[in-house]
There are 2 protein chains.
Amino acid sequence: MKISAQEEYGLRCLLQLARAEGMGESLTLSQLSRLEGISTANAGKLMWILSKAGLVQSTRGTKGGYSLARPASEIRLNRVIRVLEGEPAESHCKSYAGVLDACVHTGDCGIRPVIVELHQIVDNALADITLSQLLGTEANVDAALHQIQGIRPKDNRV
Amino acid sequence: MKISAQEEYGLRCLLQLARAEGMGESLTLSQLSRLEGISTANAGKLMWILSKAGLVQSTRGTKGGYSLARPASEIRLNRVIRVLEGEPAESHCKSYAGVLDACVHTGDCGIRPVIVELHQIVDNALADITLSQLLGTEANVDAALHQIQGIRPKDNRV
DNA sequence: TCTAATCTTGACTTAAAAGTAAGGTATCGC
DNA sequence: GCGATACCTTACTTTTAAGTCAAGATTAGA
Ligand code: FES
Ligand code: FES
C-alpha cells in the first residue's frame, strides 16, 4: 500500500502547473523537468498520461506548453491518482488468482471486502483534497489535511 | 496507491492460519500453497517474512508447520501490511529525488504532508481491523468494515 | 539410528514497472 | 515558405519486484 513513482512525480508536475496557472503561464516539458529533477522524456510521458485523461491541456509549437485543463480548485486528488496508477485494476479476484484460473475464494470471502473498502477509504480521503489546497506553505497544508481527516463525510453509511 | 502481490498473498495465508487456529491446528507450506493457489516456494518466502517479523510461529521437522504467534484478535492489519510491504520506505524525500541528490522541494513543501497524511489515514484504517474480524461471512465482514470507517477514532487531533 | 517430513536460506530467473530514445507532427515568427 | 520550438507516439532499455530453485538444517517417529 504505497504510492508509486508515477503517481508521485505526476502529482508534483501537476502542482507546478497549478503554481504557474496563478501567474497565467504555461510550462514546457523542459521547464517541468528542470523544476522536478526528472528527464524531459519522463516528464513527457507523465504529461501525456495526464493530458489523455483530460487533466491538462497542451499547446503545440513554439510558445507551447502545458497548463491545467480546469482550475486547480476543481481538480481532486483521487482523480489524479487514479489516472496515474495505470490500469483500472480489474476486479481484484482476477488479478490475484495465483496460478489458478480464478480466485480460490469463491463466493463467500473475507478478503475481498477488505481490499475494496481499503481503496474506498483512500479514495474518500483523496477526494477531499484539491490541488489548490496544496499550494500554501507546508504548515498550512498540513493543518488543512488534519482537518479533512477529522471531518470525514461518511458517504456510504445508511 | 494499490496493494502489492506480496501484501495480498501474505494476508490471505495469514487468514488461513487464523482459520486453522480456531481448530487448534497448524498448516504446512504445502497446505498453504494448495489453499491459496500459489507455489510452495512462494508460500515459504511469505511465511519467512512473517515469521521474521514475529507474526507467525514455525515448527520444524515432521509434523511441523506454521501457526499464528498471537491470537487472531490481537493481530492488526496495519502491522501485517507494514511487514509485507518490505523496506520501511526511507523518508520519502530521499526515495523520490529524481535524478538529483536530494528532493528538489527543499524546506517548504506541499507534497510531503500529503504523502505522510495519506499513509497515516491508511494506517489508521488498517489499525482498526484485526484478523479475527475477517473470518466471518463476506456480508458480515463488509458490515463490520463499514462501521469502522464511520467510527474513525481521530487519533491525532488536538 | 535412520528416514521422511518440514522449515531455512541465499542465489537465480522471470515478469512488471519505470525510464529512455528517436522519429513524427503541429505551430509560431520571420 | 522555412526553420526553430515544442508536443506526440511508439518502441526499446533499464531497474525493481515477484517468484522459483536447490542445497542445508531440524525434528518426530519407526
Ligand atoms: S479475494 Fe477473490 S474471492 Fe476472495
Ligand atoms: S517531496 Fe521532498 S521536499 Fe517535497
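Below, chains carry the letters A, B, ... as their sequence lines are ordered, and counting in each starts from 1.
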Quiz item: Which of these nucleotides, dC8(D), dA6(D), dA28(D), is closest to any side-chain atom of Thr28(A)?
Solution: dA6(D)
Quiz item: What's the verdict on side-chain contact (heavy atoms from CB on, under 4.5 Å) for Leu50(B) and Leu84(B), showing C-alpha distance, side-chain angles and the deciding distance?
Solution: CA-CA 7 Å; Leu50(B) 290 170; Leu84(B) 287 167; 4.0 Å; yes
Quiz item: Salt bridge between Lys2(B) and Glu85(A), side-chain N to carboxylate O under 4.0 Å?
Solution: no
Quiz item: How many angstroms lie between OG in Ser4(B) and CD1 in Ile81(B), if you round to the nearest 0.5 Å?
Solution: 7.5 Å
Practice problem: Please work out if Gly44(B) contacts a base, only the sugar-phosphate, or nothing of the nucleic acid, heavy-atom cut-off 4.0 Å. | Solution: nothing
Quiz item: 5'-most contact on DNA chain D: Asn42(B) or Leu27(A), nearest heavy atom basis?
Solution: Leu27(A)
Quiz prompt | Lys/Arg-Asp/Glu bridge criterion (N-O < 4.0 Å) met for Asp128(B), Arg76(B) | solution = no
Exercise. Name the residue closer to the 5' end of DNA chain C, choosing between Thr59(B) and Thr59(A) according to the nucleotide with the nearest heavy atom.
Key: Thr59(B)
Practice problem: For the side chain of Arg60(B), starting at C-beta, report the closest nucleotide among dT20(D), dG19(C), dT8(C). | Solution: dT8(C)
Quiz item: Counting side-chain heavy atoms from CB outward, which of dA18(C), dA18(D), dT8(C) is closest to Lys45(B)?
Solution: dA18(D)
Quiz item: Any side-chain N or O of Tyr9(A) under 4.0 Å from OP1/OP2 of dA17(C)?
Solution: no
Exercise. With heavy atoms under 4.0 Å as the rule, sort Ser30(A) into base, sugar-phosphate or nothing.
Key: nothing
Quiz item: Hey, is the side chain of Ser39(B) poking within less than 4.0 Å of OP1 or OP2 on dT20(D), counting only N and O atoms?
Solution: yes
Quiz item: Closest heavy-atom contact between Ala20(B) and Leu27(B)?
Solution: CB-CG, 3.9 Å
Quiz item: Taking the side chain of Leu29(B) as its heavy atoms from C-beta onward, which of dT8(C), dT27(D), dC28(C) lies nearest to it?
Solution: dT8(C)
Practice problem: For Ser51(B), report the nucleic acid contact type (base, sugar-phosphate, nothing); a contact means any heavy atom under 4.0 Å. | Solution: nothing
Self-check item: Thr62(A) vs Ala5(A), nearer the 5' end of DNA chain C by closest nucleotide
Solution: Ala5(A)
Practice problem: Look at the side chain of Ser4(A) and decide which nucleotide, out of dT27(D), dA18(C), dG19(C), has an atom nearest to it. | Solution: dA18(C)
Exercise. Taking only the side-chain heavy atoms of Ser58(B) (C-beta and beyond), determine which of dT20(D), dC28(C), dC7(C) contains the nearest atom.
Key: dC7(C)
Quiz item: Taking only N and O in the side chain of Trp48(B), is any of them less than 4.0 Å away from OP1 or OP2 of dC7(C)?
Solution: no
